[in-house]
Structures are given as structure tokens and as C-alpha cells.
Amino acid sequence: MPLVTTGELVEGARAGAPGPVAVAAFNVITLEHAEAIAQGAEAAGRPAVLQISQNAVRFHGGRLGPVAAATAAVARASSARLALHLDHVDDVDLLRAAHPEGFGSVMFDASKLPYGDNVKATAAAVRWGHERGIWVEAELGRVGGKAGEPPLDAHAPGVRTDPAEAAAYVAETGVDALAVAVGSTHAMTERTAALDHALIARLREAVPVPLVLHGSSGVPDEELRRAVAAGMAKINVGTALNTAYTAAVRAFLTAHTAVDPRAYLASARDAMADTVARFLRVVS
Ligand code: G3H
Ligand code: ZN
């Protein structure tokens, strides 16, 4: 099926469903991740976003082209509705490569910059994206308390997005979606995060664009359901796939003396596909 865009999926999910649903986005590192996301989406009968982060591009020697082309080809060969998203980009050269590689959306991450610089850089990224039909997500990190102090990562434990500041940031930058800090933390391997549901509701009231939850691997199913019901529109999942992948490979190699990677990568891919399907059934 031809690629769809993240914007279409997010708007479609909000418009077409009887109850609140979100779009789940999963991180691609290897070809098996992409295949597993497609397989999981087909099994669950839900659309999904395949997202490639700047860190994943670094892992592939700084070359976006090969991993993007392979991921897009897997998505086009699937019967599921799948979108291609470039995630957590702060390198402007990489941002500009998104268009020729066929990405329909990017997350431009200037959250480590002081507020004024974040707004300026993000507004420029949004202008660039909108001239090319690209949906732009951004993240608002918390501004440090003192002049010259670096802002905190929005997903550091304890950090929260202020609704009034978030509304001003969206107005000043023109972003299409906003990642907010409401209690999740990147790279959790246990699902123990507790979200601030009252804050999600206040953000939903204050911010006129879809809200994005990052670090969703560490969020329990019921917390995810409540977050979606309160208005979270895009749910980003990465580490949970890697946890499933690594556990499957470890179990296989503990039990077998295989040297052909296809044997253990097949079990890793199936484990990731199960994880994808499970998250999709929870949030959409
Ligand atoms: O942007 C990607 C997500 O925030 C993934 O976070 O690896 O903690 O699930 P996670
Ligand atoms: Zn993230």
C-alpha cells in the first residue's frame, strides 16, 4: 500500500473513531524492526508510524538513505496503512534530507536550547517543512531556572510541560504537534511510569495541536489508555521493541548453538511484532 503521512493518521484517528484513539509510532533501527512493525500493524489491523531517529541514522554511519529506503520499501509492501517519520532531529542537514527521502513528517528537537533559541530554530524548521508539505512535531523542554543554565530534557524524571508556555510555544513556532512532558521518561525497560493525567487534560485544553507522548515503553497499558482518553494523539514507542528483540535473541542463543543469524533474528522479529500489535491494541 502507498505510504500515508503521520498527519493524515493523527487527524484521521481523531476524526473517524467512535472514542478517543491515538496513533502509535515505533522506532526503526534495523530492517527487522521495520518488518516487525509492519507485521504487528497487519496483525492488529491498525495503522502505525515507522520512525527513524537521528541516533539510528548515526548508527547507520550517518547515512539516512539506505535505512530510509529499506523502511519505506517495507512499508509500501505491507497491507497496513503506514507512515514514515524522522524522529528527534537536531541536525539541520539531516532535517533537510527528510524531503528527498520521502518522509511525510519530522520531529525537530530543539528542546535542549534556551527557550528563545528553541522557538527561532523550530519556527525555521516549520517554515521549511510546510513549504514541502511536511508535518512538523517539536518538543518543549523546561527552561532552566537561571540565565545561561541549559534547559532540562523534557523527559527527564520530574520535568513537566507548563500549559501556558506550551500554548505560547505552539503559537510562536507554528508546529503541527507538540511532545509534552507529563511523567514518561525515555529508555525505560520496566513499565512503571505514572503519568500526570490532570496535566494532560490541562494541556489538551490549552494547546490547539495534537499532543505526543514520548518514552511510552515505560508506561503501563492502563496509564496509556487514560492518556489517550485524555487527549494524547501520538504514542512513541522504542525501547519496548529492543527489550523484546534482545530477550528473544538471548533466549534463543542460550538454548541453541546457531551461527546463522536468520534463526535468532526471526525470533527477535516475531517478538517485536507481538509487542507492536499489543501497543496498537491498547492505544488505537
Ligand atoms: O521518540 C521516541 C520515543 O520517545 C521512544 O521512547 O524508547 O522510551 O519508548 P522509548
Ligand atoms: Zn522520544
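Residue numbers count from 1 along this sequence. Every value quoted in this text rests on a predicted model; they were computed, and no experiment measured them. Counting starts at 1 for both ligands and their atoms, following the listed order.
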Among all protein heavy atoms, pick out the one at the shortest distance from atom 5 (C) of ligand 1; state its residue, atom name and that distance to 0.1 Å. G238 N, 3.5 Å
Between T6 and S105, a side-chain donor and acceptor under 3.5 Å: yes
Per-atom filter on ligand 1: closer than 4.0 angstrom to a heavy atom of H88 are 1 (O)
Enumerated ligand 1 atoms positioned under 4.0 Å from heavy atoms of T239: 7 (O), 8 (O), 9 (O), 10 (P)
Atom 3 (C) of ligand 1: the protein heavy-atom neighbour that sits closest, reported with distance to 0.1 Å: N236 CB, 3.4 Å
OG1 of T30 to CE of M272: how many Å apart, nearest 0.5 Å? 5.0 Å
If hydrophobic residues (ILVMFWY) are linked whenever their side-chain heavy atoms come closer than 4.5 Å, directly or via other members, who joins M188 in its cluster? none
Give the atom numbers and elements of ligand 1 that come within less than 4.0 Å of a heavy atom of S216. 9 (O)
A187 neighbourhood, listing ligand 1 atoms whose heavy-atom distance to it stays under 4.0 Å: 8 (O), 10 (P)
Just let me know how S217 lines up against ligand 1, side chain, backbone, both or neither, with a heavy-atom cut-off below 4.0 Å. both
Does M107 reach ligand 1, in the sense of a heavy atom lying below 4.0 Å from it? no
With only distance considered, is V237 within less than 3.5 Å of ligand 1 through an N or O on each side? no
Under 4.0 Å, counting heavy atoms only: does A240 come that close to any atom of ligand 1? no
Taking only heavy atoms of Q51 into account, list the atoms of ligand 1 that are under 4.0 Å away from them. 1 (O), 2 (C)
Taking the six-membered ring for Trp, is the centroid-to-centroid distance between Y264 and H256 below 6.0 Å? no
Nearest-0.5 Å distance, CD of residue Q51 to CG of residue D87: 4.0 Å
Set of residues satisfying salt bridge (Lys or Arg N to Asp or Glu O under 4.0 Å) with respect to D196, sequence neighbours excluded: R160
Check: E137 side chain, A179 main-chain N or O, donor-acceptor pair, under 3.5 Å: no
What N, O or S atom of H214 is found closest to the Zn ion (ligand 2)? ND1
Below a 4.0 angstrom heavy-atom separation, can you tell me which part of S184, side chain or backbone, both or neither, approaches ligand 1? neither
Charged N to carboxylate O under 4.0 angstrom, R225 versus E222? yes
Would one find an N or O of D87, backbone or side chain, under 3.5 Å from an N or O of ligand 1? yes
How long is the span from the CH2 atom in W135 to the CE atom in M107, to the nearest 0.5 Å? 10.5 Å
